Amino acid sequence: MPSCGAAMVTGGVGRMRDRERTDDFRTFLFLSGIAVAGLVLALGLSTIWRALIPPNDPLPKAAIFDPALRIALSDYGASLHEPRFAFTAATPQGTRTVANCSDYMKLLDQGVRTAPGEPTEALDAYLNCPLLTLLRQARQPSEYLAPLSHLAETVAERLDLTTLPEGFEPPTLRHRRFVIDETAFKVSSPDGSWTMTILASGSFSGDGREDVAARIERGSARQYVILSARPDGSLAASSPESLAMTTTLPIRLR
């Protein structure tokens, strides 16, 4: 028959084990709470980070309104190396032969912006090369200028006409009268001598704000521009060449 002392020892050991189990459980709950709090904090910081940083999603095909540009971008490598009117240009590294968009963009990268003395058809053949590069780099914007159904109207209302390239201003510069075709994404002068066609929209500079790529036609001449919003809300025109060479996004030439 066990003694009373033995029973007390056994009971004491049992209570000690119960306390140890309780302490272990409390430690487990404490550590679990820290882990859960850390997870919640991480998710919260991730959400805030995504809200502050513009999305880096590639530009969807639906944001490219011009069918020819959409086809060219669908096989960007082939478009970049498609033979064009060949010419030579003097660069800091010597004379370079330019025969495709890849050559032309490398020429711009070396600081050469024009090729004096070259026939007009030579330069015209490369007008859309910087635009192709920009569209390839473009990202889906997080801030939009206007609903797509009112994009042409918004461009017509907010465009700073004084920023357009010389010789490509509309004849209605003072009176600011335009014919707007939202279906064709066109803004035209009443006499039809000047037309701006919106080709695509997206974030071309990587700041998350929507820019607009457009082609201006005046008579037989044409020029491409990028329209970007300024702090006062107006849209300023810049050349695709300058933006392609100053953007923080990587240039893909291969």
Side-chain angles (χ1 to χ4, degrees), residues 50-74 127-128 130-165 168-219 221-240 242-244 247 249:
R50 286 196 300 268
L52 292 176
I53 303 301
N56 199 34
D57 299 327
L59 192 65
K61 290 183 179 180
I64 303 172
F65 315 127
D66 183 72
L69 282 176
R70 198 179 300 127
I71 292 172
L73 285 167
S74 65
L127 282 177
N128 70 339
L131 182 58
L132 284 175
T133 302
L134 279 179
L135 291 177
R136 171 74 170 184
Q137 298 168 178
R139 294 295 181 263
Q140 191 169 348
S142 56
E143 298 179 24
Y144 290 86
L145 294 172
L148 195 58
S149 58
H150 293 82
L151 185 56
E153 180 183 6
T154 300
V155 167
E157 291 176 350
R158 295 170 57 178
L159 177 60
D160 183 348
L161 301 176
T162 63
T163 64
L164 294 176
F168 286 89
E169 305 91 344
T172 54
L173 187 60
R174 293 183 179 180
H175 304 290
R176 204 179 184 87
R177 293 195 304 269
F178 295 110
V179 176
I180 298 171
D181 186 343
E182 295 286 4
T183 304
F185 299 103
K186 284 187 178 182
V187 179
S188 306
S189 61
D191 62 1
S193 63
W194 180 94
T195 300
M196 173 180 282
T197 304
I198 299 173
L199 305 174
S201 72
S203 179
F204 301 138
S205 59
D207 61 2
R209 292 182 295 181
E210 183 180 31
D211 305 304
V212 171
R215 181 181 61 242
I216 302 175
E217 295 168 282
R218 185 163 189 181
R222 60 191 174 94
Q223 186 62 270
Y224 294 94
V225 293
I226 303 297
L227 308 179
S228 302
R230 296 192 293 200
D232 63 0
S234 64
L235 296 176
S238 60
S239 68
S242 62
L243 190 56
T247 178
L249 294 171

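All values reported here derive from a predicted model rather than from experimental measurement.
Looking only at side-chain heavy atoms (C-beta outward), Ile226 and Phe204 come within less than 4.5 Å of each other. Within the 4.5 Å cutoff, side-chain heavy atoms of Ile198 are placed close to those of Val155. Residues Ser239 and Val225 are not in side-chain contact: their nearest non-hydrogen atoms beyond the backbone lie 4.5 Å or more apart. No side-chain heavy atom of Arg209 sits less than 4.5 Å from a side-chain heavy atom of Pro141. The side-chain heavy atoms of Val179 and Ser189, taken from C-beta on, include no pair separated by under 4.5 Å. Contact of the Leu148 side chain with the Phe185 side chain is registered, since non-hydrogen atoms from C-beta on lie closer than 4.5 Å.
Minimum interatomic distance between Val187 and Ala152 (heavy atoms only, all atoms of both residues): CG2-O, 3.5 Å. Nearest approach of Ala237 to Thr163, heavy atoms of both residues: N-OG1, 2.9 Å. Contact detail for Ala236 and Arg230: the closest heavy-atom pair is CB-CD, 3.6 Å. Between Leu132 and Ala72, the closest heavy-atom pair is CD2-CB, 3.8 Å.
Side-chain contact of Asp160 with Ser234: a donor-acceptor pair under 3.5 Å is absent, judged by distance alone.
Taking the six-membered ring for Trp and thresholds of 30 and 60 degrees, Phe178 and Trp194 have ring planes inclined between 30 and 60 degrees apart.
Here Lys186 contributes atom NZ and Thr195 contributes atom OG1; the two are 6.0 Å apart, rounded to the nearest 0.5 Å. Taking CG of Leu164 as the start and CE of Met196 as the end, the distance is 5.0 Å to the nearest 0.5 Å. Here Ser238 contributes atom OG and Leu227 contributes atom CG; the two are 8.0 Å apart, rounded to the nearest 0.5 Å. How far CG of Leu73 is from CG of Asp66: 10.0 Å, rounded to the nearest 0.5 Å. Between atom OG of residue Ser188 and atom CD of residue Glu217 there is a gap of 9.0 Å, rounded to the nearest 0.5 Å. Rounded to the nearest 0.5 Å, atoms CD1 (Ile64) and CG (Leu135) are 5.5 Å apart.
Counting only residues at least two apart or on different chains, no side-chain hydrogen bond (donor to acceptor under 3.5 Å, both in side chains) pair has a member in residues 146-158.
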Checklist entry - Do Glu210 and Ser201 pass the side chain to side chain donor-acceptor pair (under 3.5 Å) test, and can you show the C-alpha distance, the side-chain angles, and the key distance before you say yes or no? => result CA-CA 6 Å; Glu210 183 180 31; Ser201 72; 3.0 Å; yes
Next on the checklist: If you apply the rule side-chain contact (heavy atoms from CB on, under 4.5 Å), what do you find for Ser205 with Asp211, and how did you get there?
Outcome noted: CA-CA 8 Å; Ser205 59; Asp211 305 304; 4.0 Å; yes
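In terms of the side-chain contact (heavy atoms from CB on, under 4.5 Å) criterion, residue partners of Ala221 (sequence neighbours excluded) are, by chain and number, Phe168. Here Arg222 pairs with Tyr224 under the side-chain hydrogen bond (donor to acceptor under 3.5 Å, both in side chains) rule; sequence neighbours left out.
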